[in-house]
Amino acid sequence: MKYLRLLRYFLRTLLYKRNMIIILLTFVVFHFVSFNFYNWQNAGPASLLITFYYGPAYFNFDLLRWLLHQTPIYVLCGNFLNKQLNENNLWILPRAGHFSLWLNGMISANFIFIVIYYSIGYSISILLSYLINGGKSMSASLDDIPLLNTYTPLKLMLFQFVLLILLTFFIMLMSHVVSILAGNSIAGFSISVMFIFISVGLLQSSPYVNKWLPFSQGVLAARNVEVSPFAWSLSYYFFVIFMIIILFHYICYKRMDSLLHKNTL
């Protein structure tokens, strides 16, 4: 019961009214920027979603579009972590009764928040595509997406959604670790953006190296260069996320021990 109450509190903090407004505006802007860029007047929701979230393969406008929906989630989660570690820890941690319970509640809340974040994003894109296109289901040409020769659009959308969530969750955890080590949430955000830029750069220059990076597992554009089974990507993410959660626990424990020791002096 303590865990559920803690999780509910963390989710209320993440889903605060201001954050919800930011999320809604982010995906409305993202939809219209993407829609006008591709200029698909008769495209159905499936075609739009696959293309909008296909991922960047070059240093061009697609990378800027990708950062448009990736940047807010890292900023919101980074601010949440900073607040919990520096402001709320002294009164929430004693109520939780156990450090692991408190930390696992934060990690779970972040993951659920990411799922909600992209669920809202996909829902907004589907709704706006119906409103703009008048419910037309005509598919646009997706000849440059070879994965559609193997998977149906709906199945590809599902894979895309799951891998995007796991990718974002991994980068979020990685940025949290960096933020705690550096003592600054801006450092974690900078590392996240830098990681995306490096991965996009390696996508064309070093496809074999990029195959082993987390970014290439969650971005469909990377699979045009080096295709790997989705089961491999899921296994890959479960492993790296598990390892970084262990690291996150250790670093947070050291940080909290230092803070509590400092406040008792």
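All residue numbers refer to positions in the sequence shown, counting from 1. Computed over heavy atoms, backbone and side chain alike; hydrogens, waters and symmetry mates excluded.
N110 is not listed as a side-chain neighbour of L173, based on a closest heavy-atom distance of 4.5 Å or more. With contacts defined as side-chain heavy-atom distances shorter than 4.5 Å, the pair M172/I73 does not qualify. The shortest distance between side-chain heavy atoms of I196 and L63 falls below 4.5 Å. Contact of the L76 side chain with the L14 side chain is not registered, since no non-hydrogen atoms from C-beta on lie closer than 4.5 Å. Within the 4.5 Å cutoff, side-chain heavy atoms of F215 are placed close to those of V200. In this structure, L167 and I171 have side chains that are in contact, with non-hydrogen atoms separated by less than 4.5 Å.
Residue F80 is tested with F10, F113, Y9 for a ring pair (Phe, Tyr, Trp, His ring centres under 6.0 Å); the sole match is F10. Put simply, the residue from W232, Y237, Y236 that forms a side-chain hydrogen bond (donor to acceptor under 3.5 Å, both in side chains) with Q217 is W232. Of the options L163, L164, V219, a side-chain contact (heavy atoms from CB on, under 4.5 Å) to Y53 is made by L164 and by none of the others.
When all heavy atoms are compared, the tightest approach of A109 to L11 is O-CD2, 3.7 Å. Looking at every heavy atom in both residues, S192 comes nearest to S175 through OG-CB, 3.0 Å. Shown here for N19 and T13, the closest heavy-atom pair between the two residues is ND2-O, 3.7 Å. Closest non-hydrogen pair, I241 versus F170, comes out as CG1-CB, 4.1 Å. The two atoms that bring F52 and F35 nearest to each other are CZ-N, 3.6 Å, heavy atoms only. Taking both residues in full, the closest heavy atoms of S34 and R65 are given as OG-NH1, 2.6 Å, listed atom of the first, atom of the second, then distance.
Note that CD1 of I112 and OG of S119 are 11.5 Å apart. Values are rounded to the nearest 0.5 Å. Atoms CE and CD1, on M20 and I116 in that order, are 7.5 Å from each other to the nearest 0.5 Å. For the atom pair CG of L181 and CG of L247, the computed distance is 7.0 Å after rounding to the nearest 0.5 Å. Rounding to the nearest 0.5 Å places OH of Y118 at 9.0 Å from CD1 of I165. Note that the CG atom of L15 and the CZ atom of R8 stand 13.5 Å from one another [nearest 0.5 Å]. Interatomic distance, CZ of F30 versus CH2 of W66, reported as 8.0 Å (0.5 Å rounding).
For the ring pair (Phe, Tyr, Trp, His ring centres under 6.0 Å) condition, the pairs that include at least one residue of residues 171-195, sequence neighbours left out, are H176-F248.
Ring geometry for F159 versus F230: interplanar angle under 30°, hence parallel rather than tilted (30 to 60°).
Cluster partners of I21 are L25, counting Ile, Leu, Val, Met, Phe, Trp and Tyr whose side-chain heavy atoms approach within less than 4.5 Å, directly or via other members.
Side-chain contact, Q160 with Y122: a donor N or O sits under 3.5 Å from an acceptor N or O.
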### Task
Apply the test side chain to side chain contact (heavy atoms under 4.5 Å, CB included) to residues I245 and H249: give CA-CA distance (whole Å), side-chain angles for both, the deciding distance (0.1 Å), then the verdict.
CA-CA 6 Å; I245 285 177; H249 268 261; 3.7 Å; yes
### Task
Could you walk me through whether L6 and N104 pass the side chain to side chain contact (heavy atoms under 4.5 Å, CB included) test, one step at a time?
CA-CA 10 Å; L6 197 62; N104 288 332; over 6 Å; no
### Message
If you apply the rule side chain to side chain contact (heavy atoms under 4.5 Å, CB included), what do you find for Y74 with L67, and how did you get there?
### Response
CA-CA 10 Å; Y74 299 133; L67 292 175; over 6 Å; no
#### Entry: Check against side chain to side chain contact (heavy atoms under 4.5 Å, CB included), L81 and I180
CA-CA 9 Å; L81 175 72; I180 294 173; 4.2 Å; yes
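Follow the hydrophobic side-chain contacts under 4.5 Å out from Y16 and you never reach I23; the two are in separate clusters. Cluster annotation: I186 is not connected to M174 through the hydrophobic network of ILVMFWY side chains, with a link wherever side-chain heavy atoms come within less than 4.5 Å.
No side-chain donor-acceptor contact under 3.5 Å links N82 to the backbone of G78. Of the possible donor and acceptor atoms, none in the side chain of S108 sits under 3.5 Å from a partner among the backbone N and O of G105.
A distance of 6.0 Å or more separates the ring centres of H69 and Y117.
The neighbour count for F61 CZ, taken as heavy atoms of other residues, nucleotides or ligands under 6.0 Å away, is above 12.
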